[in-house]
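Below is one structure; the comments refer to it alone.
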Amino acid sequence: MGRHATIVLPGTMVLKKITIKTIFFILGRALSSASKFEPRIRKEVASWEEGFKIKMFVLPSGPALGWEKQHGKLQYLGSKLDHGDLIVNFKNLTSAFLLMTPQVGLAQGFAEHRVNVVGDLNKAISLTRCISILLPYLYPDFIVKRLLKEIPQIKYNRLYRMLYLYLIGIPLGI
Amino acid sequence: MNTIIGTSNKILEIDLTTNSYEIVNIGEEDRKLYLGAKGLGLKLLYERLSPHIDPLSPENIIIFMPGVMMGTGAPCSNRFHAISKSPLTGIITTSSCGGPFGFHLKTAGWDGLIIKGKANELSLIEIDENGPRFQPVPSLSQKTTSLVQNELDLKDGGELVIGPAGENLVPIANIRSGDRYLGRGGLGAVLGSKNIKVILARGNKFKIIPRREKKFKALKKKGLKYINRNEVTSYLYRNFGTRANVIPNNMAGILPINNFQLGRDQRSYLVSGEEFRDMHLAKPHTCKSCAILCGQKGTFSNKLLPIPEYETIALLGTNLGIFDRHKIAKFNELAGDLGLDTISLGGILAWYMEAGEKNIINSNIRFGSSENIEEVILDIANANKMGKDLGLGVKYLSKKYGGEEFAIHVKGLEVAGYDPRGSFGQGLNYAVANRGGCHLSAFLVALEVYFNLLNPFTHRAKAEYVRFFESLTATINSLQVCQFTMFAYVLESPISKYTPDVSLKMTMQNLPKLAIPLIDFGLYRDLWSSVTGIDISKKEFLKAGDRIHVLERYLNCREGIDSTQDTLPKRFLEEPLKSTDKQKSIPLKKMLKQYYKLRGYDENGKPREDTLKKLNII
Amino acid sequence: MIPSYYEFYCPVKIISGHKALDNLPYEMEQMGVKRPIVITDKGIVLAGIIDLVKEVFKEFNMEPPIIYDEVPPDSSNKVVNEIAKIFMKNQCDSIIAIGGGSSIDTAKGVNIVVSEGTNDLMQFAGAEMLKRPLKPLVVVPTTAGTGSEVTLVAVIYNEDKGIKMAFTSYYLLPRIAILDPRITLSLPPHITAATGMDALTHAIESFYCIQKNPLSDGYAISAIRLIREHLIEAVKNGKNKQARLAMANAATMAGIAFSNSMVGMVHSLGHAAGGIAHVPHGLAMSIFLPFGMEYNLEARRQELSEILLYLGGEEEYVNTPKDKRAERAIEIVVKLKEELYEICKLPRTLREAGVEEEKLPEIAKAAIDDPSIIFNPKEMGFDDAMKILKKAY
Ligand code: SF4
Ligand SMILES: [Fe+2]
């Protein structure tokens, strides 16, 4: 089925899919890594229950991204997760592409009905906060400005954490 | 106002038995060898204390020492030390406190206070620039610390007060100053045994002026800059106090739960610094001249109370299975009023709960419930019923009733709130810390868990770091400034700041011999020099730290300490840490061997003669 | 400005007018249902409204509907399950909700349980957990405020967990909403005032929150204008059918506006204050509305200035300098609050509403986790929420 689907996809779709997969990977590992060192993300994750599963999914057939809280930490699970306590569905590839590349921020994504959320909405807000805190460690301000209502002031070690994420956190998954 | 340039070098030595006092002068030689505060205090104790005396007898001596930084307005400098022989452990105990007493003692012109002997009735000592006055205070007998504080005229004064626990000679009794405590090792009982309820210093008579004022101002500015740009000091501790440790500790699985049976609990989030700050409208409530501002007060059921410290939350909260912020704040207030050390108290209650659970003893408290806890605390403070035995500490209890497998103490001092099974270096710290199960001696948790600079699950390099940080900590405690400045002064100094994380970590873990000399503690040295006007090289400065640490060890060895007591509770050595995926046991033997070598101790853990000589101790 | 992308959906047939209720049996027949259950509360029965319903059914030669009239002010999953049992036992095929927010939300909950054939309502909590259409639901709102008759949300208290849980799904939208002034005539002044302020909040928030769009704007504007013209009168003179009908329309329009453009922090705070300190929703809206407008002032100056035209009228708008219009709009809301306090003692602050100060942090915490916060133009963190709560105290 998967092979077949790939064949009928127009070229740009394949490209979009690959891009989204890559960014899911980056986002997945970056959030997991940042949840260990960034106190404000750490605090959000601490309030979730052990075993809490989050899934991001592009309808109708992926790519997918999953995290689970294990041993008190947020673990990146790749696309392995079949169930999620909180599922963020992107309604289609284009929507996922817009949010992930990132041209559209999460809040705007919600407002434009590009994503829907299944599960405990309070947790979805908590996750949104985590991602808002993470973004400045992933992108420079001129991109972040587009994505968030306001640019969070980061006083501490931003550059180092960016480097850490891209050089260690994401490649090594720690 | 009169001024003191640098230090007054005058120590007030009081003999209670004869109601007399003399003034001891500190020479430049001792100053340079022992710096001040803790170091100098230990030296003074060493010269006066005979070995093997009963800590609660008139022969014991208790010394209070503000350091050279006190009164200068340097960041976080309002801290002082107390040194004595502990009735809980039978060895030396030293304790640091940020209450107002130290400032007033110093600005009354005294660089320290030595108390010997015993008053024949419950008394108050009032100290000003002219010396001490003694006053019987039978009416204060058995009053709580806060009641006494309310009765005192504290304008231009700073007090030390003991609660009923101290009067009743409970070995875990502490001494209160403001809302801060000389907590560990039963110093309250030592004062109680001398029949001293209150010591009141009336200061503000002298202005303390650093000898090299311009230099000092520049250093102060630099210190403030470091503090204000470091995440721990200017964000975490400033907003959440030491309670900021709850979440990372829980994450690392080293938060004590149910007498260290577990290291993580989902509910711990409820007692995190973040929740305490947000839910109780926290306001700063700090030591004077603090730039970090870790202390806070908060509203609990319409009552303004100090927000408990991390250790109190861990030991009187999670370690008892209690995750109720109101309850923990209540216990904290009660312990403070009665004059009990919350760490030891929590350790004892947890042991009592587990002993009850295991049917070793009849216990009316159990994990997860706050029922009867307040009664038990009261009984401990009043040395009443079972409370009498409980107050003698976990070591005593487990010897008497059994249950040594879960007696969480080192050398008789109940262990603080970090489970070393997830932080091996911290394990070594506990095993060799001079006063017993103390977390602050080297505090490797910071490097292993918070900053992720050392692998917590290996013995490699740990001896080096424990030794280095013990000595550095000894110097900081002898300046004295708050130990929390270390996060900023050491980590924000250019070398650690601008070395990329990866290589920093690799060097630190694998090449400690290269990394340690690069750790920049120059700011502490410079601060000390700028106030005293004495030049000292970095090497000499760190050597003073070694000297102070080893002197304390030497005194303890005189009391019978050797390598057999440099160990950890059975639970830490034999039970795996349930809350993490890593389940190695602490390689204590290996670390100890290396550590002794580095310290210049023999295989029995005693300082070798050449070591003592090299350090000018003998 | 037109958004780059938006969606709008409102399939609810609205029947508005004097004696509109008389059409109910006809509409039921049109939908092909015969055995509705009426879900309502005792107050409605006392007001004689249920008798009215029975009457119109009789006139239409329809069997009298099954009546459940014990919905409490804070409906819960227990109540929902109880009603669902009655529904099943009587083999009902449709639901008529008559009442305020509580009855309507309960009816939506019952609809989930009976349509999905489940006994665990809570497994459908959250967004878009429903996968197929539900039974026909007719709503007769009695409070002119919540807008539930045209929204896709239901909030139901989970007694086991002690928390309110939200359900959202397009399938929760009623088929028909009937706005009949007779129904709201007996509403006491302070409730009229509070629910009216709820409607005003829906309109204003939907006009400046980030999901606003030209269609929702249209509804919001009309609602604001109607409220300006009729709220005070409806509160002062409850028997004025004209005012009642206008307010019912305003509430429905505001409901359509906000269910398509969502609401922001005023609702976040309001939901939190309701959940934690049991401040009635409309009252909470009235208390927080000016603070929310003020908080978003710089982010949404243009929209707030425009609102003045509908909130203050043309003259006011023209006479206020351009750069003062947004501030003026806020002032008008504050003045409205004062006026309502004069007329019916509608509390203006949290203190007047009997909230204990100690609860503020908990309210703040819940507010920043409330889903509606995402649509607020400006980010609101815990400390921001605390500041606003203290001001509103
Ligand atoms: S950081 Fe905390 S302990 Fe240290 S001086 Fe400041 S208030 Fe006192
Ligand atoms: Fe509303």
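In what follows, chains are A, B, ... by sequence order, proteins preceding strands, each numbered from 1. Quick note: numbers below take in every heavy atom, side chains included, and nothing from hydrogens, waters or symmetry partners.
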- Expected contact set for residues 257-266 of chain C against chain A at heavy-atom separation under 4.5 Å reads none
- Contact list (residues 358-377 of chain C to chain A, heavy-atom gap under 4.5 Å, by number) returns I368(C), D369(C), D370(C), P371(C), I373(C), I374(C), F375(C), N376(C), P377(C)
- Message: Quick check for you: to the nearest 0.5 Å, what is the distance between I151(A) atom CD1 and E379(C) atom CD?
- Response: 12.0 Å
- Item | CG-OG distance between L98(A) and S4(C), expressed to the nearest 0.5 angstrom | 9.0 Å
- Query: Which residue out of I210(C), N213(C), T168(C) racks up the most heavy-atom pairs below 4.5 Å with chain A?
  - Reply: I210(C)
- Among residues 101-109 of chain A, those lying within the under-4.5 Å heavy-atom range of chain C are A107(A), Q108(A)
- Message: Counting only non-hydrogen atoms closer than 4.5 Å, does D120(A) touch chain C with its backbone (N, CA, C, O), its side chain (CB onward), both, or neither?
- Response: neither
Kindly check if the number of other-residue, nucleotide or ligand heavy atoms within 6.0 Å of [atom1] ([X]) is above 12?
X       : atom1 : value
D160(C) : CG    : yes
K149(A) : NZ    : yes
Q302(C) : CD    : no

- Residue set satisfying side chain to side chain contact (heavy atoms under 4.5 Å, CB included) with D82(A), at least two apart, ordered chain then number -> none
